[in-house]
Amino acid sequence: MAGADAASPGKSVTERAFAVLMSFDMAHRQMTLSQISRRSGLPVATTFRLLNHLEAISAVQRDPSGRYAIGPKIWELGILAPTHDVIGMGTRPLLLRLATKSGMMVRVFVCNGERALCVEEVLANGASAPGTGPGTTLSLGDSAAGHVLMGGMAPAARSALPLTRAQFTRVEESVAAAGERGWAQLSDAAGHVEYAVPIRAEGRPPMALSLSTPPRSAGTAAPGASLGTMLPELMGAARSLAAILASASRHGAPPAPGTDAVPMASAKRKGSDE
């Protein structure tokens with residue numbers, strides 16, 4: 001056993017356990033022992049021992065064929081993160097209304113290192129697009145949501161991102177413009193367009209609400225409105241989301257969907273000032 005661990009010197013048991021967990025991603029949701037060993041860079045014996053411990057606490061689970069997947073305990077812990085509990089705060093009806101009205105894809109993103117991480121996604125039909133959904137990541141520099149999130153980063157943190165000088169200059173201009181007008185917009189040669197606005201919720205890290213043309217493989221009808229005309233709706237939804245999430249942070253429970261939490265919060269502050 002000691003010989004097996006010697007193949008990954010300098011790593012603590014915690015680091016090795018996380019290496020096993022982080023070997024999973026959207027493209028590798030179920031894997032064999034050998035696949036996990038290869039992707040984590042750990043010896044098979046070490047990987048097997050760690051998987052046994054992780055399975056005992058439901059951090060991973062194993063099917064009858066012996067393939068491993070992330071377990072429910074990781075989900076239970078992850079949903080407690082301040083930026084990852086959007087699903088449990090009664091926000092999905094609000095996102096679904098926006099998706100239905102626009103006929104577009106609505107997503108909520110948070111910053112995850114050098115990537116924008118999707119924590120919620122809704123299409124007009126209430127589903128997620130094939131190959132996307134929560135857990136999908138986008139480059140900060142190549143997405144409107146990423147530019148919004150970068151606006152909440154310190155300049156030094158943005159300069160540390162893996163961008164060429166030309167990319168950095170272009171992104172900095174876009175981030176500055178997004179900060180001034182309150183939204184970011186990007187499009188590509190394939191005709192895919194995305195708008196994003198910040199979700200400024202008290203007591204929570206930066207988040208972004210994105211509205212974009214859905215992938216053709218999603219099987220949805222053509223958008224019922226242009227992205228530009230839906231921008232006010234997008235900004236209004238972001239304010240409502242911020243109110244729900246901020247209320248949950250303060251009181252431990254979200255207001256009922258459809259209630260006007262923003263004026264109530266403003267009134268409460270006004271009363272306390274007097």
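Just so you know, these numbers come straight off a predicted model, no measurement behind them.
Taking 4.5 Å as the limit, some side-chain heavy atom of R39 sits within range of a side-chain heavy atom of D25. Under the 4.5 Å side-chain criterion, counting only non-hydrogen atoms from C-beta, I57 is not in contact with K73. When side chains are defined from C-beta on, S102 counts as touching L211, because their heavy atoms get closer than 4.5 Å. A 4.5 Å side-chain heavy-atom check between I36 and S23 finds at least one atom pair inside the cut-off.
For S37 (side chain) and L33 (main-chain N/O), no donor-acceptor pair under 3.5 Å exists by modelled atom type. Put simply, the side chain of R115 never gets that close to the backbone of L117: no donor and acceptor are under 3.5 Å apart. Distance alone, capped at 3.5 Å, places no donor-acceptor pair between the S174 side chain and the R170 backbone. Within the 3.5 Å criterion, the main-chain N or O of R165 finds a donor-acceptor partner in the side chain of T169. A donor-acceptor contact shorter than 3.5 Å is absent between the side chain of T100 and the backbone of R97. Using a distance-only test at 3.5 Å, with no hydrogens or angles considered, a donor-acceptor pair links the side chain of R158 to the main chain of M153. Proximity of a side-chain donor or acceptor of N112 to a complementary backbone N or O of A116 within less than 3.5 Å is not detected. The main-chain N or O of V193 is found under 3.5 Å from a side-chain atom of T213 such that the two form a donor-acceptor pair. A distance-only check finds a donor-acceptor pair linking the side chain of H147 to the backbone of G141 [under 3.5 Å]. The backbone N or O of M230 sits nowhere less than 3.5 Å from a side-chain atom of E233 that would complete a donor-acceptor pair.
For the atom pair CD1 of I74 and CZ of F24, the computed distance is 10.0 Å after rounding to the nearest 0.5 Å. Atoms CG and OG1, from L245 and T91 in turn, are 6.5 Å apart once rounded to the nearest 0.5 Å. A distance of 12.0 Å separates CE of M207 from SG of C111, quoted to the nearest 0.5 Å. Between atom CZ of residue R107 and atom CG of residue L138 there is a gap of 5.0 Å, rounded to the nearest 0.5 Å. From E194, atom CD reaches atom CE of M104 across 12.5 Å, with rounding to the nearest 0.5 Å. A distance of 5.0 Å separates CG of L241 from CG of L95, quoted to the nearest 0.5 Å.
Residue L51 is not grouped with residue F18 when hydrophobic side chains (ILVMFWY) are merged at heavy-atom distances under 4.5 angstrom, including chains of intermediate members. M150 and L209 fall into different hydrophobic clusters, defined by Ile, Leu, Val, Met, Phe, Trp and Tyr side-chain heavy atoms under 4.5 Å apart, directly or through other members. Under the 4.5 Å side-chain heavy-atom criterion for Ile, Leu, Val, Met, Phe, Trp and Tyr, L96 and M235 are members of the same hydrophobic cluster. The hydrophobic cluster containing V44 also contains L54, counting ILVMFWY residues as joined when their side-chain heavy atoms lie under 4.5 angstrom apart, directly or transitively. The cluster map of Ile, Leu, Val, Met, Phe, Trp and Tyr, joined by side-chain heavy atoms under 4.5 Å apart, puts F109 and I244 in different clusters.
The environment of CZ in F48 is sparse: at most 12 heavy-atom neighbours from other residues, nucleotides or ligands sit within 6.0 Å. Heavy-atom neighbours of R67 CZ from other residues, nucleotides or ligands within 6.0 Å: above the threshold of 12.
Between R92 and E120 there is a salt bridge, with a side-chain nitrogen of the basic residue lying less than 4.0 Å from a carboxylate oxygen of the acidic one.
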| task | In sequence, state the C-alpha distance, the side-chain angles, and the governing distance for E55 and Q61, and then conclude on side chain to side chain contact (heavy atoms under 4.5 Å, CB included). | result | CA-CA 6 Å; E55 185 179 11; Q61 57 190 21; 5.8 Å; no
| Would L234 and W183 count as a side chain to side chain contact (heavy atoms under 4.5 Å, CB included) if you check the C-alpha gap in whole Å, the side-chain angles of each, and the deciding distance to 0.1 Å? | CA-CA 10 Å; L234 179 64; W183 51 271; over 6 Å; no
| said: Evaluate Y195 against S210 for side chain to side chain contact (heavy atoms under 4.5 Å, CB included), listing each step before the verdict. | reply: CA-CA 6 Å; Y195 277 86; S210 166; over 6 Å; no
| So V197 and L231, side chain to side chain contact (heavy atoms under 4.5 Å, CB included) or not? Walk me through it. | CA-CA 9 Å; V197 298; L231 186 56; 4.2 Å; yes
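The nearest pair of heavy atoms linking A237 to L98 is CB-CD2, 4.0 Å. Taking each heavy atom of A201 and A242 in turn, the nearest pair found is CB-O, 3.7 Å. Among all heavy-atom pairs drawn from S159 and A156, the shortest one is OG-O, 2.7 Å. Between L186 and D142, the shortest heavy-atom contact is CD1-C, 3.6 Å. In terms of heavy atoms, S212 sits closest to H192 at CB-NE2, 3.8 Å. When all heavy atoms of T47 and S40 are compared, the pair lying nearest together is OG1-OG, 4.0 Å.
Exactly one residue among R62, M31, R29, Q30 makes a side chain to side chain contact (heavy atoms under 4.5 Å, CB included) with Y68. That residue is R62. For the pairing with L140, the side chain to side chain contact (heavy atoms under 4.5 Å, CB included) check across L149, V148, V175 returns one residue only, L149.
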